Amino acid sequence: MIIENSLSALSFLRDRRSVPSLPSFDSILMASPDFFKVAYAINPYMTDESGNLKQVDSTKAREQWEGLRRTFIELGLKVEAIPGVENLPDIVFTANQTFPFWNANSHRYEILLSHMRSKERSPEVSFFKRWFEERGITVHELNYSGAFEGNGDAIFSPAHGVVFGGYGPRTDKEVYQELSDRFHLPIVRLELRSKDFYHLDTCFSILSKEVAAVQPEAFTKEGLLTLQNVFNQIIEIPYQENIEFFCGNCFCPDGQNVILQKGSETFEKQLVRLGFRPWAVDTSEFMKSGGSVFCLKLFYRG
Ligand code: ARG
């Protein structure tokens, strides 16, 4: 079922009120930044004002990545990492190569492989296929031949039992029909209309069953209304802080703690006011490639 207007969101939620939450995710998959750099430009953040590729400080990137890893561990998450691969600098953004979801046919969490939009990133996917298969987790391939960038655009919410599915810059609208038909996934399908917020995870973050952070400028009017009908409370992400500090790419693993890039002072205050606990980290070297906390990990059930 595809839900893409505010009225169908309301009736869907009414029907599901008594359905219990699914088991939550518990594991984090990262990829080591051994070969991380900005080697091409596939989003607006990867070049400077003169159009040159941004320069990454590898030592700093490694320290920041280790810091993020430690934060996940401190929050009680199980963390594993895939080794980096030469000539695949963006493999560190492990939100993109796969999509973890609840398969209602098998009653298990499984993995769907992405089709990356760019030829530069396409070879990353096979490393994740092997990694999950070696751990006995079922991996599916798409029949659809167009673009689908995994958990960057498709976010499965165990609390709601739905997929929030963004499309436009990186993922095709059509792919969600297959997800819905093949795995019986209810999809809240959302058009992304700004090139600055090119993945759903740059402009939308689920904080709890009731609360989400949303960048209004990234969505259509109907998309916003739909989100307002799914969540009791929406935090409007301050535009400038999201562009500068990627706070829309924050990550809340447990309905309480929110890991985010440091610097988003207004957004942090909004979080605290609603009872969340912000954990500010530094991902500035990775922001040069257009990604921060949410993109640097895959959250799944191990
Ligand atoms: N350079 C990467 C790309 O453009 C960054 C990916 C960020 N990932 C994300 N889930 N937003 O593909």
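When a ligand or atom number is given, it counts from 1 through the structure's own listing order. Each residue takes its place number in the sequence, starting with 1. Everything numeric here is computed off the predicted structure, so don't read it as measured data. Excluded from the calculations below are hydrogen atoms, water molecules and symmetry mates; all remaining heavy atoms, backbone and side chain alike, are included.
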Check the pair E191, R193 against salt bridge (Lys or Arg N to Asp or Glu O under 4.0 Å), reporting the backbone distance first and the verdict last.
CA-CA 6 Å; E191 180 178 358; R193 57 183 198 83; over 6 Å; no
Once you restrict to heavy atoms under 4.0 Å, what part of [X] touches ligand 1? Side chain, backbone, both or neither.
X	result
N151	neither
Y198	side chain
E149	neither

Using 30° and 60° as the class limits, which term best fits the ring planes of [X] and [Y]: parallel, tilted or perpendicular?
X	Y	value
H160	F164	perpendicular
F204	F219	perpendicular
F101	F183	tilted

Quick one, V281 and L260 - any side-chain contact, counting heavy atoms below 4.5 Å?
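They are not in side-chain contact.
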Which atoms of ligand 1 sit under 4.0 Å from any heavy atom of [X]?
X	result
R170	3 (C), 4 (O), 12 (O)
G290	7 (C)
D201	9 (C), 10 (N), 11 (N)
G152	10 (N)
N96	6 (C), 7 (C), 8 (N), 9 (C), 10 (N)

When you measure from the side chain of D48 to the backbone N and O of G51, does any donor-acceptor pair fall under 3.5 Å?
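Yes; at least one donor-acceptor contact below 3.5 Å.
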What protein heavy atom is closest to [atom], reported as residue, atom name and distance in Å?
atom	value
atom 2 (C) of ligand 1	D90 OD2, 3.4 Å
atom 12 (O) of ligand 1	R121 NH1, 2.7 Å
atom 9 (C) of ligand 1	C295 SG, 2.8 Å

Is it the case that ligand 1 has an N or O less than 3.5 angstrom from some N or O of N249?
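No, no N or O pair falls under 3.5 Å.
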Short N/O distance, under 3.5 Å, between T202 and ligand 1?
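No, there is no polar N/O contact under 3.5 Å.
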Does at least one non-hydrogen atom of M46 fall below 4.0 angstrom from an atom of ligand 1?
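It does, in that a heavy atom of M46 comes within the 4.0 Å cut-off of ligand 1.
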Output all residues satisfying ring-ring contact (aromatic ring centres under 6.0 Å, His included) with Y300, sequence neighbours left out; order by chain, then residue number.
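Here the qualifying residues are F132.
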For R130 and E134: C-alpha separation, side-chain torsions, deciding distance, then whether salt bridge (Lys or Arg N to Asp or Glu O under 4.0 Å) applies.
CA-CA 6 Å; R130 197 173 329 134; E134 281 170 6; 5.1 Å; no
Kindly indicate whether a cation-pi arrangement holds for K37 with F35, taking the cut-offs as under 6.0 Å to the six-membered ring centre and within 45° of the axis.
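That pair does not qualify as a cation-pi contact.
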